[in-house]
Amino acid sequence: MRMNEEYLSRGMDLKRLMLYFQKKIWVIIMLTVLGATFGGVTYQIVRGMKMPVEYEAMSKLYISFRVDENGEVYQHYNGYTWNDLLDTDPILDLIMKELPGYERTKVRDATTAEILSDIRLLTIYVRGDSEKFVREVRNAAEAGLMEFAKQSEELKLIKVIRSEPPVRIYWDDRTAAACSAGGIVMGILAFLAFGFAYALNESIYVQGDVEKRYPYRALGILTMNQKGLEPYAGELKADIHYALGDKRTFAILDMGNHADMRKLELEGLLNRGEMEVPAGSSEEEFGWHIMEEEKPREADEWEVVPFNENVFSEEECIRIRELGGVVILLPFGFDVGRKTERILTFLKNQDCNIFGMIIAQADEEFLNRYYS
C-alpha cells in the first residue's frame, strides 16, 4: 500500500513527457490541420447562409453655393448638417414625391450623407435589402436634392457627378482568421487530451517506472531492435545472473502474451549473447532476431520456461514454485497495470516468488533519447 501511495503522489518526469508528446506530435499536427480546415469551412457556410442580403448605392453630388449680402460664400454645410437635412421634411418631402408607395421611415433610415474633405462634394449612400429599392431611393434622393437646391437661398445648384449602381454588400472575408482560430483551438484541445491521457497512463517506459510502481527489482530492458549488447542487454544479463544466482532455469510470465518469443530472446542473450535472423520471422511481431536452428541445450546453459498471462492458472503456479520463482515481463508503452496487479495478487496468494521485472519490446530510440 505504501508503494502505491508513493506512486500516486509521484512527480512528473518532464523528459518522459516530452518524449511521449514527440511520439504524438504528428497526430497533434494532423488534428490542428483538421481544426483549421473545419474552422474555415464552418465560417464559409455561416457566411453564406447567415449573412443578410443587403445592397448599397452611392452618389456623388457637386454643390454650388450662393453669395450672402456681405459677398461671402455660404460654407457652413458639413457632413452632420447634410445628415440632419436629409431627415427634415423639406428634403424628405421632395424625395418622397418620387417614391409613391414607400414608407417614409424606411426611406429615411436607408439614406445617409457625408462630406469627406471638400464641402462642395456631397456623398449619398443608400442601403436596403432590395436592389430595386436601393436604385429607386438613390434616384429619388438625387432628384430631391437637386430640387431642394433650387428652393434654397444658400445653394445655387446641386448636380450629380457620379451615380453608381447598387452592389451587394458582403462581410469581410475572414477565412484565414477562422482557419487560424480553428487550428489553435484544436491544437490546444489535442494537447490537453494527450496530456490528460498521459496523466492517467500507467504504461511502463523505463526502469524508473517499474521501481515507482511495483515493489520488485527492475532487472533490465529487452529492446525491440537490438543493435549490440550494450548497454541494455549487458545490464539485463548481469542483473539476471545476480538475481538468480546458481539457478539456470527460471520461469517468465509475459503480460504481453508473447512468452514463447521472449523465451528465445532471453535464452539467446544468456547463452550466446547474440542472435541471427531466422527464416520467415517478423520483426514487427517479435523483437530480437532468433537463431534459425536451435542448438541442443548443454548442462550449464540457461533455460527459460514461458507462461502467458491470458492462460495463467493453478498448474502454472505449481511449476513456478518448483522452479523457485518467476520473472514478470511488462510490455513497453502498454498500460497493463491493472491486469498486472491482478496477476501479482494471484502469485502472492499462490506463494510464488517473483525475482523481478523486465521491460520487453522496448523502443531503443526512445531509451537512447531518454538516457542521453
Side-chain angles (χ1 to χ4, degrees), residues 1-4 7 202-204 207 209-223 232-233 235-272 275 285-288 290-291 294-362:
M1 180 63 68
R2 184 181 62 84
M3 178 63 70
N4 287 337
Y7 178 73
E202 296 185 356
S203 300
I204 300 298
Q207 288 169 281
D209 296 335
V210 177
E211 294 170 348
K212 294 173 184 176
R213 184 72 179 87
Y214 304 106
Y216 302 106
R217 291 181 181 179
L219 296 177
I221 302 172
L222 199 59
T223 58
Y232 311 113
E235 294 171 359
L236 174 60
K237 185 175 181 179
D239 284 346
I240 292 176
H241 279 208
Y242 183 78
L244 273 72
D246 296 332
K247 295 180 181 295
R248 286 296 179 267
T249 302
F250 66 97
I252 61 170
L253 176 56
D254 185 15
M255 302 305 297
N257 294 316
H258 287 298
D260 290 336
M261 185 56 64
R262 302 291 88 81
K263 159 190 166 67
L264 297 176
E265 292 175 354
L266 286 169
E267 287 181 349
L269 169 66
L270 296 170
N271 294 325
R272 294 180 291 276
M275 303 175 192
E285 182 180 1
F286 304 115
W288 286 17
I290 313 302
M291 294 287 291
E294 294 189 18
K295 299 178 181 179
R297 181 173 177 268
E298 299 179 3
D300 60 342
E301 284 191 332
W302 290 78
E303 181 182 7
V304 177
V305 180
F307 299 109
N308 286 314
E309 171 271 334
N310 59 353
V311 292
F312 197 65
S313 63
E314 182 181 3
E315 289 74 14
E316 283 76 16
C317 290
I318 295 173
R319 178 61 174 148
I320 287 173
R321 288 195 295 270
E322 292 174 353
L323 295 172
V326 64
V327 173
I328 307 294
L329 270 61
L330 303 174
F332 174 90
F334 289 91
D335 189 352
V336 294
R338 289 167 181 78
K339 68 179 182 180
T340 300
E341 289 178 356
R342 188 195 80 239
I343 289 294
L344 292 176
T345 300
F346 183 53
L347 291 172
K348 180 180 178 181
N349 293 337
Q350 291 290 317
D351 291 325
C352 295
N353 181 42
I354 298 175
F355 293 121
M357 293 182 165
I358 295 174
I359 302 174
Q361 288 293 87

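Just so you know, these numbers come straight off a predicted model, no measurement behind them.
Between Ile240 and the options Ile358, Val327, Val304, a side-chain contact (heavy atoms from CB on, under 4.5 Å) holds for only Ile358.
At a threshold of 4.5 Å between non-hydrogen side-chain atoms, the residues Pro331 and Val336 count as touching. By the 4.5 Å heavy-atom criterion applied to side chains, Val305 and Phe307 are counted as neighbours. Side-chain contact between Ile318 and Arg321 is present, with at least one heavy-atom pair separated by less than 4.5 Å.
In this structure a side-chain-to-backbone donor-acceptor pair under 3.5 Å is missing from Asn257 to Asn308. For the pair Arg217 (side chain) and Asp239 (backbone), a donor-acceptor distance under 3.5 Å is absent. Distance alone, capped at 3.5 Å, places no donor-acceptor pair between the Glu265 side chain and the Leu222 backbone.
Between Glu309 and Lys339 a salt bridge is recorded (basic side-chain N to carboxylate O distance below 4.0 Å). Salt bridge annotation for Glu267-Lys263: present, with a cationic side-chain nitrogen under 4.0 angstrom from a carboxylate oxygen.
In this structure, the separation between CG on Leu253 and CE on Met357 is 9.5 Å, given to the nearest 0.5 Å. The CG atom of Asn271 sits 4.0 Å away from atom CD of Glu301, with the distance rounded to the nearest 0.5 Å. If you take CD1 on Ile204 and CE on Met255, they are separated by 11.0 Å, rounding to the nearest 0.5 Å. Put simply, CG on Leu329 and CG on Leu219 are 9.5 Å apart, with the number rounded to the nearest 0.5 Å. Rounded to the nearest 0.5 angstrom, Gln350 CD and Ser313 OG are separated by 9.5 Å. Between the CD1 atom in Ile343 and the CZ atom in Phe312 there is a gap of 6.0 Å [rounded to 0.5 Å].
The minimum heavy-atom distance between Cys317 and Leu347, with the atom names listed, is SG-CD2, 4.5 Å. Between Gln207 and Ala218 the shortest heavy-atom distance is NE2-O, 3.4 Å. Smallest separation of non-hydrogen atoms from Lys247 and Leu323: NZ-O, 3.8 Å. The nearest pair of heavy atoms linking Tyr214 to Gly337 is OH-CA, 3.7 Å. The heavy-atom pair separating Leu236 from Ile221 by the smallest distance is CD2-O, 3.7 Å. Residue Cys352 comes nearest to Ile320 through the heavy atom pair CB-CG2, 3.9 Å, listed as atom of the first residue, atom of the second, then distance.
Other residues, nucleotides and ligands contribute only 12 or fewer heavy atoms inside 6.0 Å of the CZ atom of Phe334.
Taking the centre of each ring, Phe250 and Phe355 stay at or above the 6.0 Å mark.
Note: His241 and Trp302 have parallel aromatic rings, judged against thresholds of 30 and 60 degrees for the angle between ring planes.
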- Any chance you could lay out the side-chain contact (heavy atoms from CB on, under 4.5 Å) test for Asp254 and Ile252, step after step, and finish with the verdict? CA-CA 6 Å; Asp254 185 15; Ile252 61 170; 5.5 Å; no

- Given the rule in the salt bridge (Lys or Arg N to Asp or Glu O under 4.0 Å) test, do Glu322 and Arg319 qualify, once you have shown the distances and angles that lead to the verdict? CA-CA 5 Å; Glu322 292 174 353; Arg319 178 61 174 148; 3.5 Å; yes

